[in-house]
Amino acid sequence: MYLKRLRDLREDADLKQTAIANLLKITRQQYSLYETGKRDIPAEYIKILANFYNTSCDYILEMTDEVKSYTK
């Protein structure tokens, strides 16, 4: 499931949940609920995270295994 990708991207960037929560302008607890699958993450946040990690929404959602973002 995409939850593992969210966590892996964050950990690969050596970031804590607090840093990502600040990026999304939410609490760390709220972000934790998304990362653990207790709440669905809004598409708006997936888009922000894809841009932040320089990847695609498709990669985060496991629709592709290609980490690189699409060229614009």
Side-chain angles (χ1 to χ4, degrees):
M1 212 166 140
Y2 70 89
L3 308 170
K4 182 170 176 5
R5 290 220 171 147
L6 285 177
R7 183 176 178 178
D8 289 346
L9 286 166
R10 178 180 56 77
E11 289 178 346
D12 289 348
D14 292 324
L15 296 171
K16 302 283 185 194
Q17 286 183 343
T18 303
I20 300 305
N22 289 339
L23 171 73
L24 299 175
K25 298 180 177 120
I26 59 175
T27 65
R28 189 212 50 85
Q29 293 84 356
Q30 181 71 36
Y31 182 74
S32 177
L33 293 174
Y34 296 146
E35 210 174 83
T36 58
K38 294 180 181 170
R39 294 193 81 183
D40 291 330
I41 187 168
E44 173 187 342
Y45 292 166
I46 292 173
K47 183 178 175 182
I48 292 168
L49 292 172
N51 285 329
F52 179 76
Y53 292 125
N54 196 31
T55 191
S56 67
C57 295
D58 287 349
Y59 177 76
I60 292 173
L61 296 172
E62 295 185 334
M63 297 176 69
T64 183
D65 289 329
E66 184 65 38
V67 179
K68 295 257 184 201
S69 67
Y70 300 117
T71 55
K72 294 184 179 183

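None of these values were measured; they are calculated from a predicted model. Residue numbers run from 1 in the order of the sequence given.
With hydrogens and angles ignored, the 3.5 Å screen pairs no side-chain donor or acceptor of Thr64 with any backbone N or O of Asp58. No donor-acceptor pair closer than 3.5 Å links the side chain of Arg39 to the backbone N or O of Gln30.
For the atom pair CG (Leu9) and CG (Asn54), the distance works out to 11.0 Å, reported to the nearest 0.5 Å. Summarising the geometry, atom CD1 belonging to Ile46 is positioned 4.5 Å from atom CG belonging to Leu61; distances are rounded to the nearest 0.5 Å.
A continuous path of hydrophobic side-chain contacts links Tyr34 to Leu3 [ILVMFWY only; heavy atoms under 4.5 Å]. Tyr31 and Leu33 are not part of a single hydrophobic cluster, where members link through side-chain heavy atoms under 4.5 Å apart.
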Only pairs under 3.5 Å count here: list side-chain donor-acceptor contacts from residues 12-26, not counting sequence neighbours, and write none if there are none.
from  : atom 1 : to    : atom 2 : distance (Å)
Gln17 : OE1    : Arg28 : NH1    : 3.0
Gln17 : NE2    : Glu35 : OE1    : 3.0
Asn22 : ND2    : Thr18 : O      : 3.3

Item to check | Stepwise side chain to side chain contact (heavy atoms under 4.5 Å, CB included) check, Glu44 with Ile48 | outcome: CA-CA 6 Å; Glu44 173 187 342; Ile48 292 168; 4.3 Å; yes
Checklist entry - Please walk me through it: do Lys68 and Tyr59 pass side chain to side chain contact (heavy atoms under 4.5 Å, CB included)? => result CA-CA 8 Å; Lys68 295 257 184 201; Tyr59 177 76; over 6 Å; no
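In plain terms, the two heavy atoms of Ala50 and Ser56 that are nearest each other are CB-C, 3.8 Å. In this structure, Glu66 and Thr55 approach most closely via the heavy-atom pair O-OG1, 4.5 Å.
Under the salt bridge (Lys or Arg N to Asp or Glu O under 4.0 Å) criterion, Glu11 pairs with Arg7, sequence neighbours left out. With sequence neighbours left out, the salt bridge (Lys or Arg N to Asp or Glu O under 4.0 Å) criterion links Asp40 to no other residue.
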